[in-house]
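First up is the structure itself, then whatever we jot down about it.
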Amino acid sequence: MTDCAGWIVRSAAGRDKGTLLCVVGVEEQEPHRLLVADGKRRRSAAPKAKKRGHVDIVCPGTFRHPVIRKLQDGIPVSDRELRRALAAFRDQGGNDTWQKVI
């Protein structure tokens, strides 16, 4: 599986269905499980593990934001930075104009 850190995804299953999340890593034991966080309900220090099929990719790492770049470089980010990056993505229009990427 390719490096997914920095992807912006929408939860497609579970209690958090419809929530915009950011991929902060991939589980080492099971590479098909993404570690996602939003900085509010799910902190970056304790990300949620979600199966790849339970999320819809909204932006596969093409959103240019300093926080996303830090995640792609493997640098840990704070919850505040994560919330600001997701808010900037929503303000850009990414929340309404997304399509599922296969």
Side-chain angles (χ1 to χ4, degrees):
M1 176 174 245
T2 62
D3 187 25
C4 306
W7 287 8
I8 297 177
V9 297
R10 184 179 311 277
S11 176
R15 288 184 192 190
D16 56 356
K17 184 176 182 178
T19 305
L20 204 59
L21 303 162
C22 187
V23 178
V24 294
V26 178
E27 269 193 0
E28 293 178 15
Q29 293 86 7
E30 298 182 48
H32 63 278
R33 293 176 63 108
L34 306 175
L35 299 174
V36 295
D38 65 356
K40 188 173 183 179
R41 295 181 77 194
R42 188 49 78 162
R43 306 290 182 172
S44 61
K48 179 170 181 64
K50 289 193 77 81
K51 290 184 179 179
R52 171 63 183 83
H54 291 178
V55 295
D56 295 328
I57 300 172
V58 178
C59 181
T62 57
F63 179 57
R64 296 292 169 218
H65 193 276
V67 175
I68 302 299
R69 196 160 299 145
K70 283 174 77 173
L71 282 171
Q72 291 170 343
D73 292 339
I75 302 169
V77 296
S78 69
D79 294 322
R80 183 180 197 176
E81 290 175 317
L82 202 54
R83 286 192 307 266
R84 286 186 177 183
L86 290 173
F89 182 76
R90 282 187 204 101
D91 291 344
Q92 175 198 352
N95 194 25
D96 299 325
T97 59
W98 71 280
Q99 292 182 350
K100 184 174 179 179
V101 177
I102 298 175

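Since this is a predicted model, take the numbers as computed values, not measurements.
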More than 12 heavy atoms from other groups under 6.0 Å of CZ on Arg83: yes

Short N-O contact, Asp16 and Lys50, less than 4.0 angstrom: yes

Within residues 62-76 or reaching into it, pairs that qualify as salt bridge (Lys or Arg N to Asp or Glu O under 4.0 Å) - sequence neighbours excluded: Lys70-Glu81

Val77-Leu21 co-clustered via ILVMFWY side chain contacts under 4.5 Å: no

Closest approach of Leu82 to Gly39 (non-hydrogen atoms, all atoms of both residues): CD2-N, 3.8 Å

Glu30, CD atom: more than 12 neighbouring heavy atoms under 6.0 Å: yes

Same apolar cluster (I L V M F W Y, side chains within < 4.5 Å links), Val23/Val55: yes

Side-chain heavy atoms of Glu27 within contact of Leu35, under 4.5 Å: yes

CH2-SG distance between Trp7 and Cys59, expressed to the nearest 0.5 angstrom: 10.5 Å

Check against side-chain contact (heavy atoms from CB on, under 4.5 Å), Lys40 and Asp79: CA-CA 7 Å; Lys40 188 173 183 179; Asp79 294 322; over 6 Å; no

Sub-4.5 Å side-chain heavy-atom contact between Asp38 and Leu20: no

Separation between OG of Ser11 and CZ of Arg42, rounded to the nearest 0.5 Å: 11.0 Å

Heavy-atom check, side chain of Phe89 versus side chain of Ile68, under 4.5 Å: no

Joint hydrophobic cluster, Val67 plus Ile8, side-chain heavy atoms closer than 4.5 Å: no

Atom pair SG/CZ of Cys4 and Arg33 - distance to nearest 0.5 Å: 14.0 Å

hydrophobic_cluster_shared for Val26 and Leu71, side chain cutoff 4.5 Å: no

Minimum heavy-atom distance Ser44-Ser78, with the two atoms named: OG-C, 4.1 Å

